Amino acid sequence: MVMAAGVGKRMRPLTATRPKPLIEVGGRTLIDHNFDRLRAAGVERAVVNVHYLADALEAYLHHRVHGIEVIVSDERAQLMETGGGIVKAMPLLGDDPFLVVNADNLWLDGPTDAIRQLAARWDDAAMDALLLMVPYARAHNHGGQGDFHLAADGRISGRRKPGRVAPFVFTGVQILSPRLIRDWPEGPFSTNVFWDRAIAGGRAYGLVHQGLWSEINVPGAVKRTEALLADG
C-alpha cells in the first residue's frame, strides 16, 4: 500500500494546486520515486489511497504509472489518517502480510534492495510489524528528534522519551501483519495504535536501512534532497 492521501499543509505553497505525491524531486514526482523502488523490488500490485486533490492524483496514477497494477482506495469523503487509511484499504490488501510505503519520503537503496531486505527479514511467527529505520544521524530533513530504540535482536524496545533523542527514525516503509489490524477506534486515527499494540506484545521489530533517506516535509527539503541525489 502507498499512503498518498495527506493534505501536505507543511509543503505549501507547493501543495496549493497539486497533491504532495506529485511534487517533483530531481525531475520525478515523489510517487514515481516510490514506484521505482516498488518495481525494482518485484512488487506487482499496489493499493494507493487518495483524498486531497484526488482527481489529479488518480488521473496521474491511471495515465503515468506503468508496470504495476494500481488499485485506488478512495478517501474523498473523509481523510482517515494512516491507521484509518489502512483499515479502509484492508478489503483490497488481502489476508497476507503487506508492505506499506509513505509517499512523502524518498530513499535510495544501499548495498541491497531495502524492500527485499525487509521481506527476507520478516518472521511471521515472531512479528506483527517490521519497520525500516534509519539512524538519526543519517535522517536527512527529519524534523523531529528520532522515533524508536532498538534492542540487539532488532526488536523495538521503546519510543523516544520526552526531552531526549531516539537513535532511530522510521522511514515510512514497513511490513504489517493483518493480525495487527483489529479493534481499531472509530473514524480517522494513526498507525501508532497498531504499533503500540505490537511493541507491548514484543512483536514489533526494526530493520536499519543501509542507503540514503530523506523526509520531504517542507518546501526547502526539495532542494536539499536534490543536492543529496546529485552528490550520489
Side-chain angles (χ1 to χ4, degrees), residues 1-25 29-35 38 43 45-65 68-106 128-129 131-132 143-144 147 159 170-200 204 215-219 221:
M1 181 172 184
V2 179
M3 308 297 292
V7 176
K9 291 181 179 179
R10 289 189 298 166
M11 289 297 292
R12 290 176 179 167
L14 297 181
T15 52
T17 58
R18 56 184 159 175
K20 187 175 180 180
L22 298 190
I23 290 173
E24 290 193 0
V25 179
T29 66
L30 283 171
I31 204 154
D32 280 333
H33 283 290
N34 276 261
F35 276 105
L38 294 175
V43 175
R45 179 176 181 269
V47 175
V48 183
N49 66 340
V50 300
H51 170 75
Y52 177 64
L53 299 177
D55 290 350
L57 181 53
E58 191 167 359
Y60 190 92
L61 293 168
H62 180 69
H63 295 292
R64 300 290 295 275
V65 175
I68 188 166
E69 179 186 3
V70 176
I71 301 169
V72 170
S73 179
D74 193 338
E75 295 181 26
R76 284 175 173 84
Q78 183 180 23
L79 180 62
M80 298 302 295
E81 297 187 24
T82 52
I86 290 171
V87 167
K88 183 174 177 59
M90 280 307 295
L92 305 172
L93 292 170
D95 300 324
D96 296 320
F98 55 94
L99 177 74
V100 183
V101 176
N102 292 355
D104 57 356
N105 299 308
L106 188 151
D128 286 335
L131 281 58
L132 187 68
D147 298 313
R159 290 180 175 272
F170 174 53
T171 63
V173 183
Q174 61 184 319
I175 294 176
L176 298 176
S177 168
R179 287 187 300 267
L180 201 56
I181 316 304
R182 55 179 172 77
D183 304 327
W184 54 79
E186 186 176 349
F189 68 94
S190 168
T191 314
N192 282 309
V193 170
F194 299 135
W195 288 346
D196 288 343
R197 181 179 299 155
I199 292 170
E215 186 175 6
I216 312 298
N217 51 2
V218 293

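Scope of the values below: all heavy atoms of this structure, side chains included, with no hydrogens, waters or symmetry mates. Values in this document were obtained by computation on a predicted structure and should not be read as measured data.
Note that CZ of R159 is 8.0 Å distant from CG of D147, once rounded to the nearest 0.5 Å. Between E81 atom CD and H51 atom NE2 the span is 10.5 Å, to the nearest 0.5 Å. Between I199 atom CD1 and L131 atom CG the span is 8.0 Å, to the nearest 0.5 Å. Note that CG of N217 is 8.5 Å distant from CG of D104, once rounded to the nearest 0.5 Å. One finds the CG atom of N102 at 11.5 Å from the CG atom of L30 (value rounded to the nearest 0.5 Å). To the nearest 0.5 Å, atoms CG (N49) and CE (M1) are separated by 4.0 Å.
Counting heavy atoms from C-beta on, the side chains of R18 and I23 come closer than 4.5 Å.
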ask   = Checking side-chain contact (heavy atoms from CB on, under 4.5 Å) for the pair V2/L38: CA distance, chi angles, key distance, verdict?
value = CA-CA 10 Å; V2 179; L38 294 175; 3.8 Å; yes
message = With side-chain contact (heavy atoms from CB on, under 4.5 Å) as the criterion, how do L22 and I31 come out once you've worked through the C-alpha distance, each side chain's angles and the decisive distance to 0.1 Å?
response = CA-CA 6 Å; L22 298 190; I31 204 154; 4.1 Å; yes
query = When you look at T82 and F194, which way does the side-chain contact (heavy atoms from CB on, under 4.5 Å) test go after all the steps?
reply = CA-CA 10 Å; T82 52; F194 299 135; over 6 Å; no
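Between E75 and A5, the shortest heavy-atom distance links the atoms OE1-CB, 4.0 Å. The two atoms that bring D128 and A198 nearest to each other are CB-CB, 4.4 Å, heavy atoms only.
Applying the ring-ring contact (aromatic ring centres under 6.0 Å, His included) criterion to F170, with sequence neighbours excluded, gives W195.
With hydrogens and angles disregarded, no donor-acceptor distance shorter than 3.5 Å links the side chain of R12 to the backbone of P219. R45 places no side-chain N or O within donor-acceptor distance of the main-chain N or O of I68, the cut-off being under 3.5 Å. Here the side chain of K20 pairs no donor or acceptor atom with the backbone of R10 at under 3.5 angstrom.
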Indicate every side-chain donor-acceptor pair of residues 86-101 with a distance under 3.5 Å to a residue at least two apart or in another chain.
none

Report, one line per pair, each donor and acceptor closer than 3.5 Å where one atom sits in a side chain of residues 52-63; sequence neighbours left out.
from: Y52; atom 1: OH; to: T15; atom 2: O; distance (Å): 2.5
from: D55; atom 1: OD1; to: R76; atom 2: NE; distance (Å): 3.3
from: D55; atom 1: OD1; to: R76; atom 2: NH2; distance (Å): 2.7
from: E58; atom 1: OE1; to: R76; atom 2: NH1; distance (Å): 3.1
from: E58; atom 1: OE1; to: R76; atom 2: NH2; distance (Å): 2.7
from: Y60; atom 1: OH; to: T29; atom 2: OG1; distance (Å): 3.4
from: Y60; atom 1: OH; to: D32; atom 2: OD2; distance (Å): 2.4

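Using a 3.5 Å distance cut-off with no hydrogens or angles, the side chains of E215 and N105 do not pair a donor with an acceptor.
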